[in-house]
Amino acid sequence: MEVLLNELSLHGQFSSIQDFKSAMATIMLTRNILKQSGRNLHCHKNFLQVQITAKINLQEALSEIGRIDKNMQRSVLSWLTKDGPFWDEDRQHNSGEYFEYKAKVVTDSSLGEAAYRCFIGSECHTLSFSSLNWQLSPIKITWHRNESCTIDVDVPNHWEFNSLKVALEKASGPITSWKQLADNMKRRCQNLNFSTNSFVYLYPHPFADSAAKRIVELLLFLDKFKTCFDENGKRTDEGNRLYQNHFTGDKAWFTDSSSDEINNFSDKLTFNHPSKSDECLFCSWHGKIKTPQFRIHFSWPISANKPLYVPYIGQKLTKK
């Protein structure tokens, strides 16, 4: 479960610095409790520029707070300028997308990011400052994919700790081992066909939290992409958009191996078939995890009527 701080819930609504200080204390308490559960409260790198009152932004408000509470000032500034984590450093939605909430564009905001993460299957919630405008859940974000197609995405939202506490209790705990990752993904990715050994290649390596999160993200995306076909077996508009965004271009999440890699490592890119003992699968297509260099190899092409096999998740196989 991921929690993003809704920066749009600060819109100059506070009448005094003291009122804002009380609200920020609640947010910081919630952040600490999230950290105790192994999670983070993700914020935007430019969060200091949002308005607190009609005339004062957050950075200016913290200067005022520092005169009476240095500890709060330091802890908030450290979070918003150094510690993060900042969701926009690992953003998943494209800046060219059109996400809207109540006729206002929310692309490049935490709401747009949360909507995209929810759409691809991640368990993503937002935390809002208490305000009449934001005391609702879910927040319904409209995603205008093109001129003729829109999607409504419900983003779970919290403005008090009790509701977030209930969500935390229901959520799966943070993944802390490769075995736990394997169990979690096999349960959640019902459109993927894993082999008995798909995840065991990870086990000799020290568990890496950032790599685990990236593997979850890529597998959930593949699971979602497998559903993007119509009754005639053709990719839907959504499937075409996902393909263009994540299977093509210099920053593609998924690519085929180069011709040299295919020629030099064809044996390593050939795996036992997950369900047919007398057959093998050649899987040169893969998803990329940069640190450490792990790969998710899967069958290609992805189609409506054929299983999507994921026979290997582990260290990069084509190292020279």
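Residue numbers count from 1 along this sequence.
Separating the CG atom in Leu41 from the OG1 atom in Thr126 is a distance of 10.5 Å, to the nearest 0.5 Å. Note: Ser9 OG to Ile27 CD1 = 7.0 Å, rounded to the nearest 0.5 Å. The distance from atom OG1 of Thr318 to atom NZ of Lys268, rounded to the nearest 0.5 Å, is 8.5 Å. Here the CG atom belonging to Leu77 is positioned 9.5 Å from the NZ atom belonging to Lys82, to the nearest 0.5 angstrom. Between Glu97 atom CD and Asn245 atom CG the span is 6.0 Å, to the nearest 0.5 Å. Distance CG/Asp267 to SG/Cys280: 11.5 Å, rounded to 0.5 Å.
Applying the salt bridge (charged side-chain N to carboxylate O under 4.0 Å, His left out) rule to Asp69 yields the partners Lys21; only residues at least two apart in sequence or on another chain are considered.
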Side chains of residues 298-307: which donor-acceptor pairs under 3.5 Å do they make with residues two or more places apart or in other chains?
{"unit_1": "Ser299", "atom_1": "OG", "unit_2": "Tyr309", "atom_2": "N", "d": "2.9"}

Show which side-chain atoms of residues 127-142 pair as donor or acceptor with protein atoms under 3.5 Å away, not counting sequence neighbours.
{"unit_1": "Ser128", "atom_1": "OG", "unit_2": "Asn6", "atom_2": "ND2", "d": "3.0"}
{"unit_1": "Ser128", "atom_1": "OG", "unit_2": "Asn157", "atom_2": "OD1", "d": "2.8"}
{"unit_1": "Ser130", "atom_1": "OG", "unit_2": "Gln135", "atom_2": "NE2", "d": "3.0"}
{"unit_1": "Ser131", "atom_1": "OG", "unit_2": "His11", "atom_2": "NE2", "d": "3.3"}
{"unit_1": "Ser131", "atom_1": "OG", "unit_2": "Asn133", "atom_2": "N", "d": "3.4"}
{"unit_1": "Trp134", "atom_1": "NE1", "unit_2": "Leu8", "atom_2": "O", "d": "3.4"}
{"unit_1": "Ser137", "atom_1": "OG", "unit_2": "Asn157", "atom_2": "N", "d": "3.0"}
{"unit_1": "Ser137", "atom_1": "OG", "unit_2": "Asn157", "atom_2": "O", "d": "3.1"}
{"unit_1": "Lys140", "atom_1": "NZ", "unit_2": "Asp154", "atom_2": "OD1", "d": "2.9"}
{"unit_1": "Thr142", "atom_1": "OG1", "unit_2": "Asp152", "atom_2": "OD1", "d": "2.9"}

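Remark: the backbone N or O of Gln244 is not paired with any side-chain donor or acceptor of His246 at under 3.5 angstrom. For the pair Thr53 (side chain) and Ser16 (backbone), a donor-acceptor distance under 3.5 Å is absent. Under a 3.5 Å cut-off, the side chain of Asn57 and the backbone N or O of Glu60 do form a donor-acceptor pair. A donor-acceptor pair is defined here as one N or O able to donate and one able to accept, closer than 3.5 Å; no such pair exists between the side chain of Asn40 and the backbone of Gly84.
Using modelled atom types, one finds a donor on one side chain and an acceptor on the other under 3.5 Å when comparing His144 with Glu100. Neither side chain, Ser75 nor Ser78, offers a donor N or O lying under 3.5 Å from an acceptor on the other.
Separation of the Phe294 and His205 ring centroids falls under the 6.0 Å cut-off. Trp87 and His42 have their aromatic ring centers separated by at least 6.0 angstrom.
For the ring-ring contact (aromatic ring centres under 6.0 Å, His included) test with Trp143, the passing option among Tyr116, Tyr98, Tyr101 is Tyr116; the others fail.
Checked for salt-bridge contact, Lys224 and Glu238 miss the test: no charged N lies under 4.0 Å from a carboxylate O. Taking a cutoff of 4.0 Å between a charged side-chain nitrogen and a carboxylate oxygen, Asp209 and Lys213 qualify as a salt bridge. A salt bridge is absent between Asp237 and Arg241: the closest approach of a Lys/Arg side-chain nitrogen to an acidic carboxylate oxygen does not fall below 4.0 angstrom.
Grouping the Ile, Leu, Val, Met, Phe, Trp and Tyr side chains by contacts below 4.5 angstrom, directly or via other members, places Leu192 with Ile296.
The nearest pair of heavy atoms linking Glu7 to Val50 is O-CG1, 4.0 Å.
Under a cutoff of 6.0 Å and an axis angle of 45°, Lys186 and Phe194 do not form a cation-pi pair.
Ring geometry for Phe247 against Tyr243 counts as parallel: the plane angle stays under 30°, on a 0 to 90° scale with 60° as the upper cut. Ring planes of Phe254 and Phe221: parallel class, angle under 30° (limits at 30 and 60°).
Looking at heavy atoms from C-beta onward, Gln49 lies in side-chain contact with Gln59 at the 4.5 angstrom threshold.
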